[in-house]
K.L.:
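Once you've had a glance at the structure underneath, I'll fire off some questions.
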Amino acid sequence: MLATEEFTRFPLLMWEKVLSKVKKSVVFMDDKCAEALHWSGGAATLLEAGARNLKQFSSFEACGVNEPKAVFVVSTLLKGRTVDIIKDIISLSHFQYCVVFTTVAHSVHLLVNKVTTEMEGSPVFEQFEEKLCEWMGNMNYTAEVMHVPVVFAPVSQQLIVAPPFAHLFPLLSPDLEAINEKRPEKRRFASLNDIDMHCLPAELQIEVKSLASALNSMFEATGTREESFALGPMSRIIAGELANLPQAKNRRKTAPNKASIIFVDRTMDLTGAVGHHGDNLVEKVLTMLKLLPGHVTDVQVDMLELTSLHKTPHSKSILAPGCLAQIQSSARSLWDVMLTSKHKEGVIEVRRQLVEAASKESLPIKMSMGRVTPEQLCSYIQLFRSSQGALESHCGVLQLGLATAQTLRHPSLPRWDSCLAFERLLLQALGDADFPAVLRQLLPLMKPRGVEDTSGSRLREDELGPDELILLLVYLYSLADETQPADHDTEEEEELEKLERDLIGALTLVISRETELSPLLQKLTGCTNPEELTAERVHSAVEKMFKTLRGLSSTRNHLKQLRSIYTASDGVHQATYRPFLRQILEEVFHPDRRECPDIEHMSGGLTDLLKTGFSMFMKVSRPHPGDNPLLLLFMVGGVTPSELRLIKETVATHRPGTQVLVLSTRLLRPTDIPELLFGTQRLVPDIGV
């Protein structure tokens with residue numbers, strides 16, 4: 001029987017192909033591939049395989065006379081800017097042997113070059129090999145170009161992410177408008193569900209085809225015959241592309257292992273992604289600590305506690321940061337617990353493993369029970385400073401312990417609880433008042449930080465800033481339609497428009513007064529520092545944001561059964577949020593094997609069409625996602641740590657023993673969602689062209 005371990009091992013097998021070529025070479029790698037490698041053993045695996053050095057994929061890098069071999073690993077097409085960078089590096093170096101690995105399949109390169117027929121060999125790669133020899137200055141030198149799908153990263157036993165597709169996000173209502181603008185009026189789409197693959201911008205088509213190709217490679221390596229299902233417009237396009245891939249059709253004829261894969265658009269449930277109700281330690285770690293440069297998942301852990309250095313403004317630039325991705329088995333097991341447990345359970349497990357590690361090394365640890373504090377964790381961690389051997393043996397657990405301690409004492413942590421409190425109040429208010437009345441409750445919160453309020457007291461640093469206010473807006477708008485009556489009168493519409501104008505003005509002022517721009521505000525405004533901000537620029541960005549917000553509440557309107565993620569108060573029970581993923585799993589694992597009209601089967605081809613026809617006059621059994629021993633959930637747009645816990649708990653309750661693996665474009669923090677929703681490059685991803 002197919003096991004999830006075979007899928008989590010797949011990324012490592014793909015990296016083995018790269019490792020077989022790196023001996024005595026300098027490796028140049030782009031950020032997306034570097035992040036995938038980071039979760040598959042890191043740079044150490046390259047150096048152990050014989051690589052001399054690892055450098056950034058940049059035109060400003062080069063090698064010396066005594067470095068004749070180069071290996072390039074890129075996540076993009078071998079066109080445009082990618083080709084320019086490779087040429088620049090080679091021109092400034094003295095290579096005699098070049099190997100280029102691209103994660104984009106040769107079939108996708110053919111399509112980009114407008115070749116639609118099947119061709120023998122790999123002509124695009126062969127032509128590029130000739131160019132490499134030309135740039136090296138001798139056609140007798142050696143050049144190799146090949147496709148290796150090193151796009152997946154095994155974050156845990158339950159989760160695989162795809163860093164090269166971290167910015168792939170489901171379609172939104174402004175995207176529909178942008179697509180329709182380029183079409184004749186009579187051929188415009190009425191809704192996002194009408195859009196097919198060929199109507200997407202060329203760059204987005206390439207990204208979808210590359211993802212489908214990478215998934216096919218994973219199923220090929222694991223001998224999997226998948227049944228694909230989809231929920232949401234973008235998921236339907238990706239699942240359809242995978243179903244119709246010629247290589248996938250051939251594979252499904254002979255593959256011995258069965259599995260179901262359900263693609264789910266993140267936009268089906270944005271409430272769960274921006275909410276602070278998850279009660280998960282890793283979610284807070286990812287939010288409080290700064291990301292590693294060039295990464296979208298892992299964070300920087302300050303290692304000062306493990307040294308004798310004094311904390312100064314320059315100490316961080318002296319010490320390399322730690323991280324969450326670890327290879328030691330004890331650290332991996334701790335990470336899995338942190339990722340899929342409640343906050344309290346995760347913190348207690350961190351303390352338990354630190355105590356166990358200190359006891360193994362016979363360090364003079366002072367046991368203390370009760371509440372776990374950051375000071376307590378740091379006192380345990382500091383014991384390891386005195387022993388180099390103990391430090392090396394337990395460095396993984398120590399880094400996770402430091403990440404926990406730094407999160408628990410982070411000055412921004414109180415804002416998490418403030419957001420949670422406001423979300424609970426707003427959730428109840430949505431059932432008791434009309435939407436404008438609930439939205440108006442945010443207006444008093446929109447004050448620049450450090451400014452006196454009406455009572456004369458200054459706003460505290462733990463008060464909500466612009467990031468948190470934007471999260472609350474997404475939270476509210478994602479629930480707006482289903483909590484309100486369908487027939488809005490003109491007066492209410494006018495009231496909402498006036499209120500939105502007030503909110504736009506207030507939020508513009510809040511952002512304009514910021515002394516430091518968060519990553520979210522940089523994405524929203526297109527400015528990297530406050531000096532670049534102008535009132536007009538911020539106002540324009542916030543207006544566009546509200547245009548997107550208005551469409552968020554209708555993302556589930558096309559669904560028949562799973563339309564609601566909100567249960568109103570009945571006078572006895574409070575209003576509650578009903579996670580979309582839990583509803584999907586309850587349908588999949590229902591003992592009656594009932595068919596859910598919203599979970600669309602995608603991989604049947606002609607057979608499925610015949611069954612659909614026959615079902616009009618006779619009973620036909622269609623594929624059901626709960627039929628197979630392994631279920632894969634692919635979250636298009638990201639999954640949160642608290643959702644991983646929810647999936648684990650739901651499976652244990654409804655179908656114990658079933659293997660479920662989550663695949664996702666990324667592991668989410670709450671602030672990632674507004675960045676993805678309101679980013680300027682939504683429909684035109686960076687594919688290196």
K.L.:
Quick one: list whatever passes ring pair (Phe, Tyr, Trp, His ring centres under 6.0 Å) with Phe634, sequence neighbours left out.
P.N.:
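Partners of Phe634 under the ring pair (Phe, Tyr, Trp, His ring centres under 6.0 Å) test: Phe263.
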
K.L.:
Is the side chain of Lys290 donor-acceptor paired with the backbone N or O of Val299 at a distance under 3.5 Å, no angle test?
P.N.:
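Not at all, since once roles are kept as given, no pair shorter than 3.5 Å links the two residues.
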
K.L.:
Test your reading of the model: is there a side-chain donor-acceptor pair from Glu134 to the backbone of Glu130, 3.5 Å cut-off?
P.N.:
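No.
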
K.L.:
To check you understand the geometry: which heavy-atom pair defines the closest contact between Leu663 and Leu215, and what is its length?
P.N.:
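In terms of heavy atoms, the two residues are closest at CD1-CD2, 4.3 Å.
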
K.L.:
Minimum heavy-atom separation for Ser58 and Ile85, please, with both atom names.
P.N.:
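Taking every non-hydrogen atom into account, C-CG2, 3.7 Å.
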
K.L.:
Looking at Glu144 and Lys21, is there a salt bridge between them, counting it only when a charged N and a carboxylate O are closer than 4.0 Å?
P.N.:
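Glu144 and Lys21: salt-bridged.
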
K.L.:
Which heavy-atom pair separates Ala166 from Leu676 by the least distance, and what is that distance?
P.N.:
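Heavy atoms only, the tightest pair is O-CD2, 4.0 Å.
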
K.L.:
Give a yes or no on whether the backbone of Asn140 and the side-chain of Asn138 come within a donor-acceptor separation of less than 3.5 Å.
P.N.:
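Yes; at least one donor-acceptor contact below 3.5 Å.
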
K.L.:
Are the side chain of Arg266 and the backbone N or O of Gly637 linked by a donor-acceptor pair below 3.5 Å?
P.N.:
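Answer holds: no.
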
K.L.:
Determine, stepwise, if the pair Glu283 / Ser642 fulfils side-chain hydrogen bond (donor to acceptor under 3.5 Å, both in side chains).
P.N.:
CA-CA 7 Å; Glu283 214 154 76; Ser642 56; 3.1 Å; yes

K.L.:
Is the Phe229 ring parallel, tilted or perpendicular to the His601 ring (thresholds 30°, 60°)?
P.N.:
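Ring orientation of Phe229 relative to His601: tilted.
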
K.L.:
Using every non-hydrogen atom in the two residues, find where Pro68 and Arg52 come nearest and quote the distance to one decimal.
P.N.:
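The pair with the smallest heavy-atom distance is CD-NH1, 4.2 Å.
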
K.L.:
Going by an N to O cut-off under 4.0 Å, is there a salt bridge joining Glu241 and Lys209?
P.N.:
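A salt bridge links Glu241 with Lys209.
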
K.L.:
Verify whether one side chain among Thr103 and Ser75 offers a donor that lies under 3.5 Å from an acceptor in the other.
P.N.:
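Result is no, nothing qualifies.
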
K.L.:
Closer than 3.5 angstrom, by distance alone: can the side chain of Asp196 be matched with the main-chain N or O of His198 as a donor-acceptor pair?
P.N.:
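Yes; at least one donor-acceptor contact below 3.5 Å.
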
K.L.:
Does Asn257 reach the main-chain N or O of Thr222 with its side chain, forming a donor-acceptor pair under 3.5 Å?
P.N.:
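Yes: the side chain of Asn257 pairs with the backbone of Thr222.
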
K.L.:
For the pair Arg225 (side chain) and Lys258 (backbone), establish whether a donor and an acceptor sit closer than 3.5 Å, ignoring hydrogens and angles.
P.N.:
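No, the answer is negative, given that no donor and acceptor are paired below the 3.5 Å cut-off.
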
K.L.:
Are Arg9 and Glu16 within salt-bridge range, i.e. N to O under 4.0 Å?
P.N.:
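Salt bridge absent between Arg9 and Glu16.
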
K.L.:
Between Arg669 (side chain only) and Val285 (backbone N and O only), is there a donor and an acceptor less than 3.5 Å apart?
P.N.:
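Not confirmed, Arg669 side chain does not pair with Val285 backbone.
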
K.L.:
Of all residues at least two apart in sequence or in a different chain, which pass the ring pair (Phe, Tyr, Trp, His ring centres under 6.0 Å) check with Phe128?
P.N.:
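Here the qualifying residues are Trp135.
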
K.L.:
Please report the closest heavy-atom contact between Arg236 and Glu600, naming both atoms and the distance.
P.N.:
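Heavy atoms only, the tightest pair is CD-OE1, 3.1 Å.
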
K.L.:
Does a sphere of radius 6.0 Å around CD1 in Ile327 hold more than 12 heavy atoms from other residues, nucleotides or ligands, not counting ones at 6.0 Å or beyond?
P.N.:
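Counting neighbours around CD1 of Ile327, 12 or fewer heavy atoms of other residues, nucleotides or ligands fall under 6.0 Å, so no.
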
K.L.:
Under the criterion side-chain hydrogen bond (donor to acceptor under 3.5 Å, both in side chains), I'd like the reasoning laid out for Asp88 against Ser59: C-alpha separation, chi angles, the key distance, then a yes or no.
P.N.:
CA-CA 5 Å; Asp88 289 343; Ser59 293; 2.8 Å; yes

K.L.:
Test your reading of the model: is there a side-chain donor-acceptor pair from Asp265 to the backbone of Met234, 3.5 Å cut-off?
P.N.:
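A pair under 3.5 Å: yes.
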
K.L.:
Which atoms form the tightest heavy-atom contact between Ser25 and Val71, and what is the distance?
P.N.:
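Answer, listing the atom of Ser25 first, then Val71: OG-CG2, 3.5 Å.
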
K.L.:
Please check this pair: side chain of Gln300 against backbone of Leu291, looking for a donor-acceptor N/O pair closer than 3.5 Å.
P.N.:
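Indeed, once roles are kept as given, a pair shorter than 3.5 Å links the two residues.
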
K.L.:
Strictly below 4.0 Å, N to O, side chains only: are Asp84 and Lys87 in salt-bridge contact?
P.N.:
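A salt bridge is absent here (no side-chain N lies under 4.0 Å from a carboxylate O).
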
